[in-house]
Chemist: 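Just passing along the structure, written as structure tokens.
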Amino acid sequence: MDKTLEIVKTVKAVLEDKKGEDIDILDISGVSVVADYFVVASATNINQLDAMKDEVEERLYKDYSLGPKNVEGKRGSTWILLDYGDVIVHLFTREDRAFYDLERIWKDGKKIEL
């Protein structure tokens, strides 16, 4: 398995451990140069959202010496984006996820199961 998919699997495992909901993995490599994968997950509240973000950052640094190239959204935000180059992690509150509906916007990407 290539390193990018390993990173995606790690992110998914971290989000599952933190009780993230509706975790979707979108392969957008065929439709965008922005990234190869989006990992999208929901949190029930802002505190959980912050905990998910912190754990993803800690784990990817620990396991891969990888830090995000960019982070959008601060502590207390309802949408946090972690840009790891080929992998972009989108963390939302349930309400914001429904409002922005990234899966609809990126419907030409393939939803994959790992």
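Source: prediction; values computed, not measured.
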Chemist: Give the minimum heavy-atom separation between Arg97 and Glu21, together with the two atoms involved.
Modeler: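 Answer, listing the atom of Arg97 first, then Glu21: NH1-O, 3.6 Å.
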Chemist: Does the pair Lys111 and Glu103 meet the rule for a salt bridge (Lys or Arg N to Asp or Glu O under 4.0 Å), with working shown?
Modeler: CA-CA 9 Å; Lys111 193 180 285 192; Glu103 289 89 346; 5.6 Å; no
Chemist: Determine whether Tyr84 and Val11 make a side-chain contact, defined as any pair of heavy atoms from C-beta on separated by less than 4.5 Å.
Modeler: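 SC-SC contact between Tyr84 and Val11 ruled out.
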Chemist: Do the side chains of Val34 and Val40 join up, straight or via other hydrophobic residues, at under 4.5 Å, putting them in one cluster?
Modeler: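 Yes, Val34 connects to Val40 through the hydrophobic network.
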Chemist: State the CD-CG distance between Glu55 and Leu15, to the nearest 0.5 angstrom.
Modeler: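 With rounding to 0.5 Å, CD (Glu55) is 9.5 Å from CG (Leu15).
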Chemist: Is it the case that one hydrophobic cluster holds both Phe92 and Ile46, taking links as side-chain heavy atoms less than 4.5 Å apart, direct or via other members?
Modeler: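 As far as the 4.5 Å side-chain criterion goes, Ile46 and Phe92 are not connected within one cluster.
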Chemist: Do Trp106 and Asp24 have side chains that approach each other closer than 4.5 Å (heavy atoms only, starting at C-beta)?
Modeler: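 No - every pair of side-chain heavy atoms lies 4.5 Å or more apart.
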Chemist: Should Ile80 and Tyr61 be regarded as members of a common hydrophobic cluster, given that ILVMFWY residues are connected when their side-chain heavy atoms come within less than 4.5 Å of each other, either directly or indirectly?
Modeler: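 Result: no, two separate clusters.
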Chemist: Distance from Ile105 atom CD1 to Ile28 atom CD1, nearest 0.5 Å?
Modeler: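 That separation rounds to 12.0 Å.
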Chemist: Any chance you could measure Leu5, atom CG, to Ile112, atom CD1, to the nearest 0.5 Å?
Modeler: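 The CD1 atom of Ile112 is 6.0 Å from CG of Leu5, to the nearest 0.5 Å.
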Chemist: Can you measure from NZ (Lys18) to CG (Asp50) and round to the nearest 0.5 angstrom?
Modeler: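 If we round to the nearest 0.5 Å, Lys18:NZ and Asp50:CG are 11.5 Å apart.
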Chemist: Side-chain contact, heavy-atom cut-off 4.5 Å: Val71 with Glu57?
Modeler: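 In short, these two side chains touch, coming nearer than 4.5 Å.
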Chemist: Considering all heavy atoms of both residues, which atom of Tyr64 and which atom of Thr10 are nearest to each other, and what is their separation?
Modeler: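 Where Tyr64 meets Thr10 most closely, the heavy atoms are OH-OG1, 2.8 Å.
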Chemist: Going from CD1 on Ile88 to CG on Leu82, what distance comes out if it is rounded to the nearest 0.5 angstrom?
Modeler: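 Reported to 0.5 Å precision, the distance equals 10.0 Å.
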Chemist: Considering all heavy atoms of both residues, which atom of Ala43 and which atom of Leu49 are nearest to each other, and what is their separation?
Modeler: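 Closest heavy-atom pair between Ala43 and Leu49: CB-N, 3.7 Å.
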Chemist: Locate the shortest heavy-atom distance separating Met52 from Ala41; write the atom from each residue and the value.
Modeler: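 Between these two residues, the closest heavy atoms are CE-CB, 4.0 Å.
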Chemist: Give the ring-plane orientation class for Phe38 versus His90, where under 30° counts as parallel, over 60° as perpendicular and anything between as tilted.
Modeler: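 If you compare the ring of Phe38 with that of His90, the planes turn out perpendicular.
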Chemist: Would you say Leu26 and Leu81 are hydrophobically clustered, going by side-chain heavy atoms of ILVMFWY under 4.5 Å?
Modeler: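 They do share one cluster, since a chain of ILVMFWY contacts under 4.5 Å joins Leu26 to Leu81.
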Chemist: Is there a donor-acceptor contact under 3.5 Å from the side chain of Lys12 to the main chain of Leu114?
Modeler: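 Between the backbone of Leu114 and the side chain of Lys12 there is a qualifying donor-acceptor contact (under 3.5 Å).
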Chemist: Closest approach of Ala35 and Gly85, non-hydrogen atoms and distance?
Modeler: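 Nearest pair, atom of Ala35 first, then Gly85: CB-O, 3.5 Å.
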Chemist: How long is the span from the CG atom in Asp86 to the CG atom in Asp36, to the nearest 0.5 Å?
Modeler: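 Between atom CG of Asp86 and atom CG of Asp36 there are 4.5 Å.
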Chemist: Under a 4.5 Å side-chain heavy-atom rule over Ile, Leu, Val, Met, Phe, Trp and Tyr, are Val89 and Trp79 clustered together?
Modeler: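 Not linked; separate clusters.
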Chemist: Please examine the side chains of Arg94 and Thr44, heavy atoms only from C-beta on, and report whether any two atoms are closer than 4.5 Å.
Modeler: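 Side-chain contact under 4.5 Å: yes.
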Chemist: At their closest point, which heavy atom of Thr4 faces which heavy atom of Asp2, and how far apart are they?
Modeler: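 Looking at all heavy atoms of both residues, the closest pair is N-OD1, 3.0 Å.
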Chemist: What's the verdict on salt bridge (Lys or Arg N to Asp or Glu O under 4.0 Å) for Asp54 and Arg75, showing C-alpha distance, side-chain angles and the deciding distance?
Modeler: CA-CA 10 Å; Asp54 291 345; Arg75 207 161 274 300; 2.9 Å; yes
